[in-house]
2 protein chains.
Amino acid sequence: MAGLDVQTGPRYLAVRRAVERWIRQGQFPEGARLPSEGELARRFGCSRMTVRQAIAALAAEGLVQRRHGVGTFASRPRALRRFWTVLSFTEEMRAHGVEVQNHLLSVRRERPSEAVRRALALAPGELVYRIRRLRLVAGHPVAYHVSCIPVRICPGLDGLDLASDSLYRLVEEHYGYRFTRCERVYRPVRATAPEARLLEVPPGTPLLLVEGVAFVDAGLPVDACYEVYRE
Amino acid sequence: MAGLDVQTGPRYLAVRRAVERWIRQGQFPEGARLPSEGELARRFGCSRMTVRQAIAALAAEGLVQRRHGVGTFASRPRALRRFWTVLSFTEEMRAHGVEVQNHLLSVRRERPSEAVRRALALAPGELVYRIRRLRLVAGHPVAYHVSCIPVRICPGLDGLDLASDSLYRLVEEHYGYRFTRCERVYRPVRATAPEARLLEVPPGTPLLLVEGVAFVDAGLPVDACYEVYRE
DNA sequence: TAGTGGTCTAGACCACAAG
DNA sequence: TTGTGGTCTAGACCACTAA
């Protein structure tokens, strides 16, 4: 009658399944308002707290959105955008509800290393901005990040607000590029002395090294980066 | 007296802050059992449901682990192990509390494509196991995955239970290897007709393509994989 | 003002794990 | 058997939003 499953198990899971079915089968298309919690409780013949438990699970999954004082709305299942956002650490963490502080250690015009020169296909003698940052979560350092970006491609990058915004977003907005591809290598390393100091771990602690290159539309390599992660 | 904040706001947030502080400051080191929910309710002068709301939030964050019938235990903020587990989709999803079903489409001994042959540094004429799988979350396909593993390195792989376990875990356990490095390329593609059919999207839908090679200790390439993700 | 979600209570019984 | 977390109730009042 109310659409509850015949299946056994906790009542809130039955409610959850029922509401999920409504949304997935299109009875509540994206953006539509669901019945209020009180109404659902009445329909399913359970208490409002039980309905809330079901709805909370769906909200955590991204299948519904709750708006205080307004209602609960059908939404899209967010699936696995995680991999996209490998491109942008800051945005990924924000999407997970984790506050990230980017502490800018330094940004300098430098002569690139041979590896970076090759990765970015630079002409001999060409300079890069070398951007060193520390990523902090809840005040604790979690990663040390070095990006190298050709001065020719992003002139004046050192004058922008690198501390507070996502580097990739900044490059996209100020220089009109769009990152579309990246290559990454993941491998374990042990913390060097300076890395250990920055990340507040003993030297030699196992870290994850991620090295990579990010490309924009035309296949142009724009960022050669080096990161080490704690944990 | 119970360590509740002076700060304003919902009571469950005060409880949450207090318990979080206990753990972060080491009063409950990793693995230690926290007071029971009833005990916490008594200490904080609130109902058990309020304590549960606080603990649920910490559990979602990974700062505590709950074990039915046993207790609640301090854990490590999981920080960013995400990147490690790029190596194993199944394990990563499980760690996030998402049930993944691996639907085995086929596993066959095949002659590899030229690209795979190069990636795996195969001798001419060498064969690979080509493992085609569909990843399902909540019954819906989210990714199509093709792995190629040299028959020489993992003989008899086609006889193992590829459907129910993580492929990498299986290889590590049965053949004594340990995956330590992987290379990945991420880029957007449009769904081909067969991919569209498998992932239940219209052909041409934007997908994320991840191509890569995974290596074991000695630097030996063991898996050349190709995956496309919805969304 | 009316209706919504957000918080909270003081109980209850069940399922699970371990001694 | 004991103690834990898991589920559930039938209310209550608050905070927010929109009419």
Side-chain angles (χ1 to χ4, degrees), chain A residues 2-20 22-23 28 30-75 97, chain B residues 2-20 22-23 28 30-75 97-99:
Chain A
L4 266 189
D5 289 341
V6 194
Q7 294 182 41
T8 61
R11 209 171 288 228
Y12 80 92
L13 283 181
V15 173
R16 186 195 144 140
R17 276 193 299 268
V19 174
E20 181 168 8
W22 291 349
I23 296 173
F28 288 89
E30 185 158 10
R33 215 197 79 184
L34 297 173
S36 73
E37 294 175 352
E39 171 63 15
L40 288 174
R42 198 184 60 71
R43 283 202 214 175
F44 288 120
C46 65
S47 78
R48 192 180 146 216
M49 285 299 274
T50 301
V51 167
R52 278 185 65 76
Q53 191 173 0
I55 299 298
L58 293 174
E61 231 187 273
L63 203 67
V64 304
Q65 259 187 307
R66 297 204 269 197
R67 283 159 60 196
H68 191 174
V70 185
T72 302
F73 299 82
S75 183
Chain B
L4 266 189
D5 290 339
V6 193
Q7 293 183 42
T8 60
R11 209 170 289 224
Y12 80 92
L13 282 181
V15 173
R16 187 197 143 139
R17 275 194 299 267
V19 175
E20 181 167 5
W22 290 350
I23 296 173
F28 289 88
E30 183 158 14
R33 217 197 77 184
L34 298 173
S36 73
E37 295 175 352
E39 171 63 16
L40 289 174
R42 199 185 60 71
R43 283 203 215 174
F44 288 121
C46 64
S47 79
R48 190 179 149 219
M49 285 300 273
T50 301
V51 168
R52 278 184 66 75
Q53 191 173 0
I55 299 297
L58 293 174
E61 230 186 277
L63 203 65
V64 303
Q65 258 186 308
R66 299 203 268 195
R67 283 159 59 194
H68 192 174
V70 184
T72 302
F73 299 82
S75 183
V98 179
E99 263 180 75

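Numbered from 1 within each chain, the chains take letters A, B, ... in sequence-line order. These numbers come from the heavy atoms of this one structure, side chains and all, not from hydrogens, waters or symmetry mates.
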If each of A:Cys46 and B:Gly71 is mapped to the nucleotide of DNA chain D with the nearest heavy atom, which maps nearer the 5' terminus, i.e. the 5' end?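 Closer to the 5' end of DNA chain D: B:Gly71.
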What are the two closest heavy atoms between [X] and [Y], and how far apart are they?
X: B:Ile55; Y: B:Val64; value: O-CG2, 4.0 Å
X: A:Ala54; Y: A:Tyr12; value: CB-O, 3.3 Å
X: B:Ala74; Y: B:Phe28; value: CB-O, 3.4 Å
X: A:Cys46; Y: A:Arg11; value: CB-CD, 3.7 Å

When you list every nucleotide of DNA chain D with an atom under 4.0 Å from a heavy atom of chain A, which one comes first 5' to 3', and which comes last?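 Boundary nucleotides touching chain A, in 5' to 3' order, are D:dT7 to D:dT17.
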Taking salt bridge (charged side-chain N to carboxylate O under 4.0 Å, His left out) as the cut-off, I'd like each qualifying pair that reaches into residues 44-56 of chain A, sequence neighbours left out, listed once.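 Residue pairs with at least one partner in residues 44-56 of chain A: A:Glu37-A:Arg48, A:Glu37-A:Arg52.
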May I have the distance from A:Leu34 (atom CG) to C:dT4 (atom P), rounded to whole angstrom?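 To the nearest whole Å, that distance equals 12 Å.
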Test B:Val51 against every option in B:Thr72, B:Leu40, B:Val19 by the side-chain contact (heavy atoms from CB on, under 4.5 Å) rule and name the one that passes.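 The single option meeting the side-chain contact (heavy atoms from CB on, under 4.5 Å) with B:Val51 is B:Leu40.
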Could you identify which residues of residues 48-57 of chain B place a heavy atom less than 4.0 Å from some atom of DNA chain C, listed by residue number, or say none?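 Under 4.0 Å from DNA chain C: B:Arg48, B:Met49, B:Thr50, B:Gln53.
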Mind checking what makes side chain to side chain donor-acceptor pair (under 3.5 Å) contact with A:Ser36, not counting sequence neighbours?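 In terms of side chain to side chain donor-acceptor pair (under 3.5 Å), with neighbours along the sequence ignored, A:Ser36 is linked to no residue.
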In chain order, what residues pass the side chain to side chain donor-acceptor pair (under 3.5 Å) check against A:Arg42, with sequence neighbours excluded?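 Partners of A:Arg42 under the side chain to side chain donor-acceptor pair (under 3.5 Å) test: A:Glu39.
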Qualifying residues under side chain to side chain contact (heavy atoms under 4.5 Å, CB included), relative to A:Ala56, sequence neighbours excluded: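 Only A:Arg66 meet the side chain to side chain contact (heavy atoms under 4.5 Å, CB included) criterion with A:Ala56.
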Would you please name every residue forming a side chain to side chain contact (heavy atoms under 4.5 Å, CB included) with B:Arg33, sequence neighbours left out?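 Partners of B:Arg33 by the side chain to side chain contact (heavy atoms under 4.5 Å, CB included) criterion, ordered by chain and then number, come out as B:Phe73.
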Listing time: all N or O pairs from protein to nucleotides 16-19 of chain C that are below 3.5 Å?
none

